There are 2 protein chains.
Amino acid sequence: MAGSTSTRAQIVDAANRLFYEHGFEHTSFAAIAEAVGISRGNFYHHFKTKDEILIGVIEARLHSTRAMLAEWERDEPGPAERVRRFVEIVITNGADIENYGCPVGTLTNELAKLDHPARSQAVAVFELFRTWLREQFEALGFTVEADDLAMHVLAFSQGIATLSNAFHDGEFVQREVDRLHGWLDERLADHASPRSRR
Amino acid sequence: MAGSTSTRAQIVDAANRLFYEHGFEHTSFAAIAEAVGISRGNFYHHFKTKDEILIGVIEARLHSTRAMLAEWERDEPGPAERVRRFVEIVITNGADIENYGCPVGTLTNELAKLDHPARSQAVAVFELFRTWLREQFEALGFTVEADDLAMHVLAFSQGIATLSNAFHDGEFVQREVDRLHGWLDERLADHASPRSRR
DNA sequence: GTCTATAATCAGATAGAC
DNA sequence: GTCTATCTGATTATAGAC
């Protein structure tokens, strides 16, 4: 059982990486099998179809995302610091994002174009971030605006990721991250003594 | 010759649409041939390889983008209005973007993941927008900041497109577009009487 | 649980008739 | 310039031995 789980986990792990780097459709069973070091035949003992691997990969991403958000909550003292931690992802994962874009955004779009049934599950990873960010803004005292602010931070990050992938420009990423931090400063200041909404 | 050119144009047109809606790799010759109403064999009289069609599609996009930007320059009196016209694309093409994302961003990312030689040509479409936006900001009196502002507008739009595709939320798109217009207002006001940089 | 061998399908690409 | 017929290779998926 332990060996079986391990092989399954290795397959999901390799598929996760390959789906990210080369796309879901372009990644063949042979490539995953080679990465894990097993035969193609053995493969089907663990997953009957390619779609099943995709489901497994998305579930693994949901799991690791939840773990990461929980870690941020432990590490960072307050909600503002947690949002800033999120904003920094595009720098923390800068090299991967330059090469392959955001794993969430790019998979979601690929599945949308394939009209794939797992699309909604890929969107669920986005929803994890969205809800978590909304909760941070709520903890900062925002009520009706919290989801709007969460979506803005999410959208901003996606835009940075897409252009980082297109232009491979680390300075651009840093500038935009600084800009987003500045925007956050203003929202927090506005909320402390509100004058106008943006 | 007229018939030949027409068939070639029809192939590029159909491929352009299908590459956008279903992705480059997922689109088969059979699908393009069916869309145009010709046989697969005839296909190869016009394009020897699938990559050649991709080049043709990207060239068509470069051409139509240049035409669109030129049209905006004719239609809109000043550079500020032109930038706003760009910002509005995510609403003008709202339905397509909800379903398939931004054609430029999604193709660029797909080609990056495929490590495809035509990637740089896909990025050239981005560069067209970037340069054009930069020129508008330069016309508005910005000098060293012009490219930074252009990239910000571009990134913002990409972020909106990605989340529009993920969440299918038209109200979110409108809110973010309003926010970007607001940001532009501030930049223009700041530039007229500068106090701080953002 | 893992392997080799192989079936079934579909893709891109070619040859040659009209 | 367009067609039908076909080739070649890759991919998903299965069968069955160890």
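We name chains A, B, ... by the order of the sequence lines, and we start the count at 1 in each one. Quantities reported herein were computed from a predicted structural model and do not represent experimental measurements.
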Residue pairs passing the side chain to side chain donor-acceptor pair (under 3.5 Å) test where at least one lies in residues 26-37 of chain B, sequence neighbours excluded: A:E25-B:H26
message: Looking at every non-hydrogen atom in both residues, tell me the closest pair between B:G56 and B:V12 and how far apart they are.
response: O-CG1, 3.8 Å
field: Heavy-atom side-chain contact between A:F137 and A:E145 under 4.5 Å
entry: no
- prompt: C:dT4 C1' sits how many Å from A:F43 CZ, rounded?
  reply: 17 Å
query: Tell me, do A:D96 and A:R17 make a side-chain contact under 4.5 Å, heavy atoms counted?
result: yes
task: Assign a letter to each nucleotide of nucleotides 12-18 of chain C from its 5' end: B, base within under 4.0 Å of a protein heavy atom; S, sugar-phosphate only; -, no contact.
output: SBB----
message: Ignoring hydrogens and geometry beyond distance, is a side-chain donor-acceptor pair present between A:E110 and A:H116 at under 3.5 Å?
response: no
message: If the threshold is 4.0 Å, N to carboxylate O, is there a salt bridge linking B:E176 and B:R179?
response: yes
query: With respect to the phosphate group of C:dT2, does any side-chain polar atom (N or O) of A:H46 fall under 4.0 Å of OP1 or OP2?
result: yes
query: Reckon A:T7 has a side-chain N or O less than 4.0 Å from the OP1 or OP2 of C:dT2?
result: yes
query: Taking NE2 from A:H22 and P from D:dA10, how many angstroms apart are they, rounded to a whole number?
result: 17 Å
- prompt: Taking only side-chain nitrogens and oxygens of A:H45, does any of them come within less than 4.0 Å of OP1 or OP2 of C:dT2?
  reply: no
